[in-house]
Protein chains: 2
Amino acid sequence: MIEDDDRIRASLGLALEDEGYTVRAVATAEEGMAEQRREPADTILVDLMLPGIDGFECIRLLRREGEVPIIVVSARDDTHDVVAALEAGADDYVIKPVAVKELSARLRALRRRARSAPALPTQAYLFGDLEIRPQAGEVLVRGEQVSLTRTEFRLLCELAEHAGLVLSRQQLLERVWEYDYGDERLVDVHVGRLRQKIEDNPAGPQRLVTVRGLGYKLHR
Amino acid sequence: MIEDDDRIRASLGLALEDEGYTVRAVATAEEGMAEQRREPADTILVDLMLPGIDGFECIRLLRREGEVPIIVVSARDDTHDVVAALEAGADDYVIKPVAVKELSARLRALRRRARSAPALPTQAYLFGDLEIRPQAGEVLVRGEQVSLTRTEFRLLCELAEHAGLVLSRQQLLERVWEYDYGDERLVDVHVGRLRQKIEDNPAGPQRLVTVRGLGYKLHR
DNA sequence: AGCAACATGACAGTTGTGTGACAAACGAGC
DNA sequence: GCTCGTTTGTCACACAACTGTCATGTTGCT
């Protein structure tokens with residue numbers, strides 16, 4: 001609960017605890033953000049009129065960091081505020097003074113809905129007749145699907161993300177293997193294997209080309 | 001929209017269409033239920049004071065058949081009604097007369113939440129000769145109904161909802177089992193069982209395929 | 001030619017996945 | 001409350017796929 005009025009904070013906090021919730025309460029948006037980073041809450045109640053960062057901004061900041069359900073608890077019964085709060089990313093809006101039973105029912109309804117965020121939406125890549133769909137785990141060469149191993153797939157995605165640019169073996173080791181050091185020959189081996197699968201003539205690569213002395217790049 | 005007052009039905013319907021929504025409106029709970037069975041809506045607006053089956057009962061009936069988001073639009077600004085409606089399974093409660101902008105914002109907020117909820121989708125899926133009717137709890141392979149357990153069914157729905165995309169074991173654990181952590185082999189076992197039922201040759205799956213190192217996906 | 005950079009095939013250890021067995025938990029029906 | 005069939009989660013094992021290393025061969029540059 002982010003609420004600057006001490007009396008409301010104390011009484012509403014106690015009332016919610018009576019309803020079976022565990023409540024942590026702070027007085028400012030700044031404290032709330034810090035607390036949420038320290039130990040994320042299931043649900044956040046936030047007042048709109050706060051000193052310093054106001055409620056609207058606080059909602060936007062919280063939204064940027066996660067999908068936590070947010071309920072606005074405001075004294076202002078104004079359609080503009082309601083709309084603005086919901087636009088900012090709040091999930092519900094209740095007017096103070098609020099009946100604890102109602103707030104509790106809304107909390108329950110909200111938490112019934114609250115779940116994890118959707119999958120990471122990465123875009124698809126298309127380079128000539130090479131198509132890469134990261135989220136589908138698919139790679140197509142001239143419309144034909146080829147099956148890559150995870151390492152090959154990650155390597156290809158990394159190259160695709162920087163298509164046209166040369167990536168050094170060291171960069172690839174760091175990004176694909178998450179090795180800070182390591183044998184750079186390893187990259188060669190996997191590039192070779194990848195070529196077997198995506199090149200028409202693996203010995204004369206057209207798509208995944210070597211830049212001697214620098215590294216590899218994926219041709220646009 | 002389930003609303004017995006002709007004037008409100010017409011004006012609110014038009015106003016929402018101006019906001020970009022497609023609206024179907026009926027005057028009674030009975031009609032609403034029939035309409036929802038015929039062609040499920042994304043979201044339902046329901047008045048509480050209805051002739052015949054009242055709003056509360058209507059909400060309970062709708063809830064029994066699916067997870068469709070429900071917003072109560074009532075003239076009665078009474079905490080008891082709010083709590084009762086939310087308890088019955090409504091997702092939100094707004095007071096008439098309602099500002100269309102506010103209703104629109106609440107609709108958006110609700111649908112944003114609904115999208116990430118693990119609810120059973122309202123529409124049916126058809127992938128080749130695999131048909132899934134989440135609301136009816138039916139799955140048909142080549143027109144033949146197969147009986148799935150609840151876990152298998154939820155797993156299939158989750159995969160169907162993201163057909164063509166790879167879902168990791170972790171994502172499936174979170175969405176189907178609502179586990180934050182857990183043994184990922186559990187997913188394998190259930191995928192295996194599901195394959196026994198929906199694949200012609202479970203050892204060489206065509207519909208529910210493994211993407212090695214990434215997870216599983218349902219083929220479109 | 002000489003050298004460094006790169007490619008490639010083989011191989012053994014590791015990892016990922018499928019599957020059957022089993023016991024606990026559940027649930028419908030009485 | 002009880003019973004019995006079903007569902008669920010865990011485990012162990014088998015097997016296939018993948019990975020990283022190495023040795024050896026090839027290429028491109030000076």
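Because only heavy atoms are used, hydrogens play no part in the values below, and waters and symmetry mates are left out as well, while side chains stay in. Chain letters run A, B, ... following the sequence lines, proteins first, then strands; residues in each count from 1.
In summary, Arg175(A) and Glu161(A) do not engage in a salt bridge, as defined by a charged side-chain N under 4.0 Å from a carboxylate O. Salt bridge status for Glu102(B) with Arg106(B): present, with a side-chain N to carboxylate O gap under 4.0 Å.
Note on ring orientation: taking the six-membered ring where Trp is involved, the planes of Phe127(A) and Tyr125(A) are parallel (angle under 30°, cut-offs 30° and 60°).
Asp47(A) places no side-chain N or O within donor-acceptor distance of the main-chain N or O of Ile2(A), the cut-off being under 3.5 Å. The main-chain N or O of Pro202(A) is never found under 3.5 Å from a side-chain atom of Arg195(A) such that the two would form a donor-acceptor pair. A donor-acceptor pair under 3.5 Å links the side-chain atoms of Gln36(A) to the main chain of Ala41(A), judged by distance alone.
For the contact set between residues 200-220 of chain A and DNA chain D, defined by any heavy atom under 4.0 Å, the members are Arg212(A).
As a whole-Å value, the separation of Lys197(A) NZ from dC18(D) P is 6 Å. In this structure, CG of Leu186(B) is placed 20 Å from P of dC22(C), rounded to the nearest angstrom. Note: CZ (Arg193(A)) to C1' (dC11(C)) measures 11 Å, nearest angstrom.
When distances run from any side-chain atom of Val189(A) to the nucleotides dT8(C), dA7(C), dT17(C), the shortest one goes to dT8(C).
With DNA chain D read from its 5' end, the first of the two nearest nucleotides for Ser147(A) and Arg185(A) is the one closest to Ser147(A).
Within the structure, every side-chain polar atom (N or O) of Trp177(A) is placed at least 4.0 Å from both OP1 and OP2 of dT19(D).
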